[in-house]
Amino acid sequence: MSDFLQAYLTVAVFGGTAGLLIAGVLGLGRLIRPSRPNPDKLTTYESGVDPVGSGFSQSQVRYYIFALLFVLFDVEAVFIFPWAVGLETYSYFGLVEMGIFVFILVLGLVYAWRKGVLRWV
Amino acid sequence: MILAALPYWESTIIRVVLVLAAVLLPAGTFVYVFLFKMMSFMQSRLGPMEAGPYGSLQLLAEVGKSLQKEDIFPERADRTLFALAPYIVVGSVLLVYVVIPFGPDAWFANLDTGIFYALAVSSLSVIGILVAGWASANKYSLMGGLRAAGQLIAYELPMVLAVVGVVIQAGSLNLIQIVNSQANGSIFGFGALGNPFILTQFVAFGLFLMAAQAELSQAPFDMPVAESELVSGYMTEYSGMRFLLFFIGEFASAGAFAALAATLFLGGWWLPGLDLNANYMNVIGPIVVLTKMMLVAFLIFWFRFTYPRFREDQLQTLAWKYLIPISLANIMVTAVLKVVF
């Protein structure tokens, strides 16, 4: 197996370890903890009063526009990383290219700002 | 090095044991030194004093207590997702530690995408938090989960963009090579101290710390768990050991971000005057990294105990109107300086 794949195998092993660790701790707890459920104990906590309606309620996601902008900028970050690694080879050419790229992005941010969508509604 | 000479599976088993120590030891130390003691002293009280000398075994006592607590699944909760959430949160923290180097050979996995991988994995925890908030079927939890998602969305970007400055300077994503280039670097020809990137990337360091504070939901960015409004946010319905897992996860990820900051900006396992690749660095390196982690964590917790909570709109304004433009400017300035000099 190549070193490259082996490194990611280690990552997978560590992920499995995390799962086993939590399962182990919770399993250990299962052996010593009591289990005496009653209806009052199992109700949803709503500051001591009986819960009103369902907890799976609709709620206004106020950062909907922010989330859209986030996707945009996150994709941009993916493009910036390879450029940042190779900047030494790209030299002035890369610098100008990225200057244009970032300028267009900033333009988008300024547009959103002027449009007033960077406001908490 | 002995570890690298072993066959793959043997060395992996040793690494697994070591990573558990690397995750749990700093997390436990942070809880005791900062949460129990530093916060108490800042508030003119002693903090825990009964369990062990100066209350040093308090956390173990808490674990013992939590193990005995009844495990309550609320009647209306989505049981599968409710049980799954702590796995995602704690798992993502452990996966961040995989790439952090503690010495020339004392690393867990040497990924070429190093820091990119770390940032990607660390933001997985928001899925766990969102799952916890939704599965609890509790209005407080849902609000907390949604707030956490909005916050992590906003501060993911300044963090990623701040790291780009370091990547430009180092010319690599690999954390071991980033440490190497700090040790061998020089600032305008002066190389006696190397170039810990905090000296040239101090703007990025500030941005990284602020974003880390928000990603960790530490005050002043603790709206997702704001006690006075949301009881305990997405953790409201969790009890006993499951609650403690979230709690440990929070401090372990504080450790992960502190370790990342120490590696990216403070020179990782390297100290001026020490030979970077010498064999003894595998022993001294982890101590150096842990010390630097404690320094960064001290800053994080100092801010936490000092500043009052922001409002939700102030949080978004800070991220979008200040931090993101500043981080973009930082990238361009760094790039220009790198190419011209």
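Proteins come first, then strands; the chains are lettered A, B, ... in the order of their sequence lines, and each starts at number 1.
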Chain B interface, residue from [options] that has the most non-hydrogen pairs under 4.5 Å:
options                             : answer
A:Val85, A:Leu105, A:Val71, A:Ile80 : A:Val85
A:Pro37, A:Gly94, A:Ala84           : A:Ala84
A:Trp83, A:Phe70, A:Tyr92, A:Tyr90  : A:Phe70
A:Ala23, A:Ala77, A:Gly16, A:Gly15  : A:Ala23

Problem set entry | Stepwise side-chain contact (heavy atoms from CB on, under 4.5 Å) test for A:Arg30 and B:Asp71 | CA-CA 8 Å; A:Arg30 185 181 286 261; B:Asp71 192 25; 5.9 Å; no

Structural part of [X] lying under 4.5 Å from a heavy atom of chain B:
X        : answer
A:Leu69  : both
A:Val102 : side chain
A:Leu109 : side chain

Of all of [options], which one pairs up most often with chain A through heavy atoms under 4.5 Å apart?
options                               : answer
B:Leu94, B:Asp313, B:Val160, B:Leu111 : B:Leu111
B:Ile72, B:Leu146, B:Asn110           : B:Leu146
B:Gln314, B:Arg311, B:Arg242          : B:Arg242

Counting only heavy atoms closer than 4.5 Å, note whether [X] contacts chain A via side chain, backbone, both or neither.
X        : value
B:Leu161 : side chain
B:Leu244 : neither
B:Leu119 : side chain
B:Ala154 : neither

Closest heavy-atom contact between [X] and [Y]?
X        : Y       : value
B:Leu67  : A:Val25 : CD2-O, 3.8 Å
A:Gly19  : B:Tyr87 : O-CE2, 3.5 Å
A:Phe14  : B:Val98 : CD2-CG2, 3.3 Å
B:Met332 : A:Gly99 : CE-CA, 3.5 Å
A:Arg36  : B:Glu70 : N-OE2, 3.0 Å
B:Pro86  : A:Ile22 : O-CD1, 3.9 Å

For this session: Would you please classify the geometry between the B:Trp320 ring and the A:Phe66 ring as parallel, tilted or perpendicular, with 30° and 60° separating the classes?
Result: tilted

For this session: Report the distance from atom CG of A:Leu28 to atom CE of B:Met241, rounding to the nearest 0.5 Å.
Result: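 Result: 8.5 Å between the selected atoms.
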
For this session: With side-chain contact (heavy atoms from CB on, under 4.5 Å) as the test, would you mind laying out the steps for A:Phe81 and B:Val164 before giving the verdict?
Result: CA-CA 7 Å; A:Phe81 267 104; B:Val164 171; 3.9 Å; yes

Exercise. Quick one: are A:Phe73 and B:Leu328 in side-chain contact, heavy atoms under 4.5 Å?
Worked result: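 A:Phe73 reaches B:Leu328 side chain to side chain.
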
Exercise. Side chains of B:Leu157 and A:Glu76: closer than 4.5 Å at any heavy-atom pair?
Worked result: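 SC-SC contact between B:Leu157 and A:Glu76 ruled out.
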
For this session: Please lay out, stage by stage, how A:Val11 and B:Val121 fare under the test side-chain contact (heavy atoms from CB on, under 4.5 Å).
Result: CA-CA 11 Å; A:Val11 172; B:Val121 170; over 6 Å; no

For this session: Apply side-chain contact (heavy atoms from CB on, under 4.5 Å) to B:Phe108 and A:Val13, showing your working.
Result: CA-CA 11 Å; B:Phe108 301 117; A:Val13 170; over 6 Å; no

